[in-house]
Amino acid sequence: MIIVFKPKTSEEDVKKVSSQIEAKGLTTHIVVGEDVTICGIIGDTTIVDPKQIEVSPVVERVMHVSEPYKLANRAFHPDDSIIDVSGVKVGGDHLALIAGPCSVESKEQVIEIAKAAKAAGANMLRGGAFKPRTSPYAFQGMGTEGLDILVAAKKETGLPIVSELMSADYIEEFNEKVDLVQIGARNMQNFDLLKEVGKRCTKPVLLKRGLSSTYEEWIMSAEYIMASGNPNVILCERGVRTFESYTRNTLDLQAIPVIKKLTHLPIIIDPSHAGGKWWLVEPMAKAAVAAGCDGLMIEVHNNPECALCDGPQSLKPKKYTELIEQIREIGHIVGKEV
Ligand SMILES: [Mn+2]
């Protein structure tokens with residue numbers, strides 16, 4: 001349920017109404033927008049009589065929110081959320097350009113790629129230290145040593161770090177070393193992990209869409225993190241499973257306008273894992289920016305032929321540089337600064 005206040009309602013009057021609601025044992029969320037202030041009510045709202053609230057002279061109207069997600073709901077927060085990742089803004093007219101190798105392989109590798117990515121215009125560095133692999137026999141990542149290499153690359157380039165968290169046991173270590181904590185597609189519905197990340201993670205969270213998750217399931221996973229105490233969630237579409245087997249997954253660009261309609265959270269696109277082929281990255285990245293996404297996460301490798309993971313879908317630094325030049329022009333047209 002949402003209470004919309006009349007324009008120019010004082011903070012004191014808003015408080016008066018919200019404390020009446022809280023006295024019934026419900027939680028309230030006040031969002032002060034540019035034009036209007038709203039109060040979102042979370043909990044069993046059947047005990048609230050909207051007519052009773054509408055009696056107040058400062059209340060414009062009371063609305064029911066039928067969707068099961070509340071905190072992520074656009075109705076609860078009409079303006080776009082802009083998430084600050086260690087100084088890099090994501091959302092609104094800011095575009096996140098996240099680049100780096102699938103996996104951290106060595107210090108030399110990561111620093112070389114980080115420098116090239118930064119020179120191309122990237123504003124964040126990605127790298128997997130803990131890898132969720134389909135096969136237990138495949139390279140599982142360097143773990144803590146890999147995170148330390150990313151930290152060294154950040155020292156060298158200043159680029160904030162994005163890396164995937166697979167277990168709640170490492171949340172404190174990620175709080176210390178990583179700037180944007182990724183929850184991977186395979187963990188999107190690991191609800192215990194989502195709750196722990198909401199409670200204990202002090203950094204923004206990048207929540208990838210599950211391989212076969214609906215928009216609502218995906219948003220509900222964001223809601224888990226937000227309801228547990230971490231409001232800073234960025235969504236990432238990375239392709240979904242369809243009947244097509246030529247490509248690794250099918251990139252769902254409709255997710256961009258849909259997520260923006262349903263939620264206030266930023267959405268970024270990962271064209272690398274979507275197509276699984278390096279030559280699909282450029283056209284899909286351009287289409288994603290044109291469609292209004294808030295960022296791109298792209299795998300870049302200095303030597304894709306020898307990459308320990310996802311070489312076939314990785315761009316070489318030169319190709320990435322050319323792509324960002326084109327993204328800059330498209331961004332200009334759609335009102336995104338690069
Ligand atoms: Mn990868």
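Each ligand, and each atom within it, is numbered from 1 in the order the structure gives.
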inquiry  = Given the ring of Y246, does K277 sit roughly above its face, with NZ or CZ under 6.0 Å from the centre of the six-membered ring and within 45° of the axis?
reply    =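 Output yes; distance and angle both within limits.
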
message = As a test of reading the structure, name the N/O/S atom of D310 that is nearest the Mn ion (ligand 1).
response =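 The D310 atom nearest to the Mn ion (ligand 1), restricting to N, O or S, is OD2.
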
key: Nearest to the Mn ion (ligand 1) - the N/O/S atom of E299, by atom name   =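 Within E299, restricted to N, O or S, the Mn ion (ligand 1) is closest to atom OE2.
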
message = Ignoring hydrogens and geometry beyond distance, is a side-chain donor-acceptor pair present between D310 and H273 at under 3.5 Å?
response =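 A pair is found: one side chain offers a donor N or O, the other an acceptor, under 3.5 Å apart.
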
key: Q189-S213 side chain donor-acceptor pair, cut-off 3.5 Å   =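 There is no such pair (donor and acceptor under 3.5 Å, judged by atom type) between the side chains of Q189 and S213.
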
ask   = Taking both backbone and side chain into account, is any N, O or S atom of C309 nearer than 2.8 Å to the Mn ion (ligand 1)?
value =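 Given the 2.8 Å cut-off, C309 does not count as a ligand of the Mn ion (ligand 1).
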
message = Could you tell me if the side chain of C201 sits less than 4.5 Å from the side chain of N175, heavy atoms only?
response =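 Result yes, sub-4.5 Å side-chain heavy-atom pair found.
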
message = Just to confirm my numbers, could you give the angle made at the Mn ion (ligand 1) by NE2 of H273 and SG of C102, rounded to 10°?
response =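 Taking the Mn ion (ligand 1) as the apex, the two atoms subtend 170°.
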
